[in-house]
Novice: 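Below is a structure I'd like to ask you about.
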Number of protein chains: 2
Amino acid sequence: MRQSGAVSLPEPSRRDTRLDTYVDAYAERTHGLTVSAVRALFAVANRPEVVSLAGGMPNIADLPREALGLAVDRLIREQGTQAMQYGSGQGELFMREHIVEVMAEEGIHAHADDVVVSCGSQQALDLVTRVFCDPGDVVLAEGPSYVGALGTFRAYQCQIVHVAMDDHGIDPVALTQAIVTLRAAGKRVKFLYTIPNFQNPTGVTQPVERRRELIAIAKEYDLLILEDNPYGLLTLEAEPLPALRSMDAEHVIYLGSFSKTFAPGFRVGWVVAPPAVREKLVLTQEAATLAPPVFSQYVISSYLEQFDWRGQIDVFRAMYRARRDAMMEGLTENMPADTTWTHPAGGFFVWVTLPEGLDSQAILPRAVSERVAFTPGPAFYADGLGSRNMRLSFCFPTPERILEGTRRLGKVLANELEMHRTFGLHDAPTPHIELQTGPAPNTS
Amino acid sequence: MRQSGAVSLPEPSRRDTRLDTYVDAYAERTHGLTVSAVRALFAVANRPEVVSLAGGMPNIADLPREALGLAVDRLIREQGTQAMQYGSGQGELFMREHIVEVMAEEGIHAHADDVVVSCGSQQALDLVTRVFCDPGDVVLAEGPSYVGALGTFRAYQCQIVHVAMDDHGIDPVALTQAIVTLRAAGKRVKFLYTIPNFQNPTGVTQPVERRRELIAIAKEYDLLILEDNPYGLLTLEAEPLPALRSMDAEHVIYLGSFSKTFAPGFRVGWVVAPPAVREKLVLTQEAATLAPPVFSQYVISSYLEQFDWRGQIDVFRAMYRARRDAMMEGLTENMPADTTWTHPAGGFFVWVTLPEGLDSQAILPRAVSERVAFTPGPAFYADGLGSRNMRLSFCFPTPERILEGTRRLGKVLANELEMHRTFGLHDAPTPHIELQTGPAPNTS
């Protein structure tokens, strides 16, 4: 995210003389509101001639729409008066029971009472932050981390402290150091936010041994872990790994979502938390929205009951595997020497580290002129790092488009390097403390 | 709402030794979280043998479910990849255009850009409060006011100041006094929250002349008005009145909803605000949920395009008119002498003032034993008033059940009065400052 706290507003139109009417009336928490770098990018990157490797939209074209339509038709006819009515502030019981079944795939044993359904897992993240964080509290996050989470933590005026990653995820030594240092300085460290599987944006996954280390640290330092797992079932190679929550129910609050394993448009996610936390989450949700979308819960539950949802995930996995492979091939063929990238075994994203001297934010406008878009690294940091990085997504474009995108990107980067050599435009070396523990060099 | 700030938690079960694990970790804002009196009631009142006059659920049995099922089937088949995908943080353009069309029925002229779609109008209320209110800021509200709004204002640690109503709504003299007094005491009065049509819980509507007075006060004192209008089209007698927002676009932020005019289960509401406010609302919503439910917006838009939605509202009005009439008849026949109540010309609710000495909260358990439920008045106040009041809803039970409910309630109240006479249980007179400007005596 941008370092400045300035609010980016659009140009006022002539008819709006009152643009400043409320300027003194806003709450303090709005002063840090900035347009998400990712979202501002979408307007540009979504033109059809641009190959966008910037977004995170799942490809849902393979969903069985004919059969779904019939199922929802029947749902409305037979259960419409319940499905279209107000519902429970914790989410419908049958939905929570289905969620328990889905979570069992990753080793989690929970009870339907432990689950709170929310308007997407983004809202679950928002509710947890709202329940735990006062202004000035510290949230630990991987460096880099999911831009939507950084925005939420910022909205609650938290201080975000990034912890270095290596190619097995968050570095336990760095984590321990961060906890000790912050607490010695009198800071309240509320939780560690982590995406253990196919992390957004790096694509890195924590192996089981690393998960055990994290749980041990959580126990030793009485640290709450907020585990966000939208991609865990979208493995492209092995079977899903056990969730952190399956290894410890006391120190882990778990966030799940149907957005990537089914579809995002229904806005149904969930959080699994201990009872006292869960009660506060439900009360907070009721004050925010009364209840999560009821009709959507009926649709998703019907889907889980009547369709082979595991088979559908296998269909998605095959489709994403082809796209991931195209991305790996395209990067290998087209990236300049001294470019490195991660090798995700699932999920949607690759994290690229550019050669010394290149700045991904500066390059982006030129890339868009060449009709390819990506998300620059700094979007995923609260502290200004990441300017040598890009996040590339392979979830939405076809394999052919992905290859074309990497070709265009390769040309853009080659031009950039040429300019640097010709004009001697060597920026001061980018701080790369976190890069030394960064992802492994490319191998293919 | 209860005066105490205690959090009401359920009894811990034996297996939960960790109930207190996080007791020191919660944010300050959670200390005021209380279980809503209304919601806690529902568990009891929803038993089938109880006539519940307590809830606020619209009766949606008359929706054309067969035709709706076919329409949604076609939506999924033909537009499923867009309808089930991530969407705009402001809400889909076509949804906002439909909303503009719906608002025109109440005289509002707005542009689709002015509209922000949210996860129900409850979330719109939450976003506006989040954008404007710091802890300690004052929010003015009618006395009494909607329990869900009080919960939201409390969740943001606002100080709620009630302003007296008469049978034409909020009292302009009391409002002016409140503004002047609070500002002289150095308080920041962020907005006046008002429900001008068929107010929840009193059923009172502000006539046009009163609306003009409120707008004049808003202009003179530079006061922001937050107009919440879920019931405006559910008139049972006359045509809808012009919204406050139609009389002033600068001082009024408008909240709307499809929950009562179509159905609640889709969670689609909206807010109309000036551009600078709207930008902050969108950014805040994106941090909270990414976007309002997309699939729901496609369903509601299809409904508005393909169905006679105005005709459907007429069907609802006739149905609610019969229920309102049954309630008026039942109250007239069954209430003890010295009971008064409002005469709503629309909406869902009647506000009853009990004879001197009766306490609605104390009566409620006895009423439920006699298989009738209502919502006690104090739920709708932040300051402990309302113990002589009950809110009765006529939206959900059939006319026959409503009559039966008023019979049961009449017996309960007669018993209460008998007990008071027999045992001399005269409580100290309930503070009735607001009752002297309260609703008109019953006429029928």
Side-chain angles (χ1 to χ4, degrees), chain A residues 9 16 18-19 21-22 25-28 30 33 35-36 39 57 60-61 65-66 68-70 72-73 76-77 80-81 83-87 119-120 122-123 126 131-134 148 151-152 155 190 250 263-267 274-277 279-280 283 286-290 293-296, chain B residues 9 16 18-19 21-22 25-28 30 33 35-36 39 57 60-61 65-66 68-70 72-73 76-77 80-81 83-87 119-120 122-123 126 131-134 148 151-152 155 190 250 263-267 274-277 279-280 283 286-290 293-296:
Chain A
L9 294 176
D16 289 331
R18 61 192 187 284
L19 195 62
T21 300
Y22 299 106
Y26 298 121
E28 276 222 24
T30 63
L33 279 182
V35 178
S36 151
R39 292 209 151 241
M57 295 205 309
I60 56 171
R65 288 196 302 281
E66 298 277 338
L68 267 172
L70 291 175
V72 178
D73 176 15
I76 291 173
R77 280 185 288 110
T81 43
M84 298 190 284
Q85 185 52 271
Y86 281 116
C119 189
Q122 182 72 27
Q123 198 204 6
D126 182 87
V131 164
F132 279 98
C133 296
D134 283 310
T152 297
K190 282 298 168 71
E250 185 183 345
F266 296 98
R267 310 313 296 121
V277 177
E279 291 299 325
K280 291 186 193 290
L283 291 174
E286 289 176 344
T289 57
L290 296 185
V294 178
F295 188 78
S296 294
Chain B
L9 294 176
D16 288 330
R18 60 192 188 282
L19 195 62
T21 299
Y22 298 106
Y26 298 122
E28 276 222 24
T30 64
L33 279 182
V35 178
S36 151
R39 292 208 150 241
M57 294 204 310
I60 57 172
R65 287 195 304 281
E66 298 277 338
L68 267 172
L70 291 175
V72 177
D73 175 15
I76 291 174
R77 280 185 289 109
T81 44
M84 298 190 283
Q85 185 52 270
Y86 281 116
C119 190
Q122 182 72 29
Q123 196 201 7
D126 182 85
V131 164
F132 279 98
C133 295
D134 282 310
T152 297
K190 282 296 168 74
E250 184 181 344
F266 296 98
R267 309 315 295 121
V277 177
E279 290 300 324
K280 291 185 193 291
L283 291 174
E286 289 176 344
T289 57
L290 295 186
V294 178
F295 188 78
S296 295

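Hydrogens, waters and symmetry mates are skipped; everything else that's a heavy atom, side chains included, is used. All chains are named by letter (A, B, ...) in the order of the sequence lines, taking the proteins before the strands, and each is independently numbered beginning at 1.
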Novice: So which of Q123(B), R65(B), Q85(B) has the largest heavy-atom pair count under 4.5 angstrom toward chain A?
Specialist: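 Ranked by contacts with chain A, first place is Q85(B).
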
Novice: If you count heavy-atom pairs within less than 4.5 Å of chain B, which of V294(A), V72(A), I76(A) leads?
Specialist: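 Winner by heavy-atom pair count: I76(A).
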
Novice: Among C133(B), A155(B), S296(B), G69(B), who wins on heavy-atom pairs under 4.5 Å with chain A?
Specialist: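 Top count of heavy-atom pairs under 4.5 Å with chain A: G69(B).
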
Novice: Quick one: CZ on R77(B) to CG on L68(A), what's the gap to the nearest 0.5 Å?
Specialist: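 R77(B) atom CZ to L68(A) atom CG measures 12.0 Å (nearest 0.5 Å).
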
Novice: Counting heavy-atom pairs closer than 4.5 Å to chain A, which one of G120(B), G148(B), C119(B) comes out on top?
Specialist: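 The candidate making the most pairs under 4.5 Å is C119(B).
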
Novice: Report which part of R267(A) has an atom under 4.5 Å of a heavy atom belonging to chain B: side chain, backbone, both, or neither.
Specialist: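 Contact with chain B is through the side chain of R267(A) alone.
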
Novice: Between T30(A) and V131(B), which heavy-atom pair has the shortest distance, and what is it?
Specialist: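 Reported closest heavy-atom pair: CG2-O, 3.3 Å.
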
Novice: To the nearest 0.5 Å, what is the distance between CG (L290(A)) and CG (D126(B))?
Specialist: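 Reported value, rounded in 0.5 Å steps: 10.0 Å.
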
Novice: Closest heavy-atom contact between Y26(A) and D134(B)?
Specialist: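 Shortest heavy-atom separation between Y26(A) and D134(B) comes out as O-OD2, 4.2 Å.
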
Novice: Sort out for me which of A288(A), P293(A), A61(A) touches chain B most, counting heavy-atom pairs under 4.5 Å.
Specialist: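 It is A288(A).
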
Novice: If you count heavy-atom pairs within less than 4.5 Å of chain B, which of P264(A), G80(A), A263(A) leads?
Specialist: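 Among the listed options, the one with the most contacts to chain B is P264(A).
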
Novice: Looking only at heavy atoms, which two atoms of D73(A) and D73(B) are closest? And how far apart?
Specialist: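 Closest approach of D73(A) to D73(B), heavy atoms only: CB-CB, 4.0 Å.
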
Novice: Please identify each residue that fulfils side-chain contact (heavy atoms from CB on, under 4.5 Å) with A83(B), with sequence neighbours left out.
Specialist: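 A83(B) satisfies side-chain contact (heavy atoms from CB on, under 4.5 Å) with L75(B), F295(B), Y298(B) only.
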
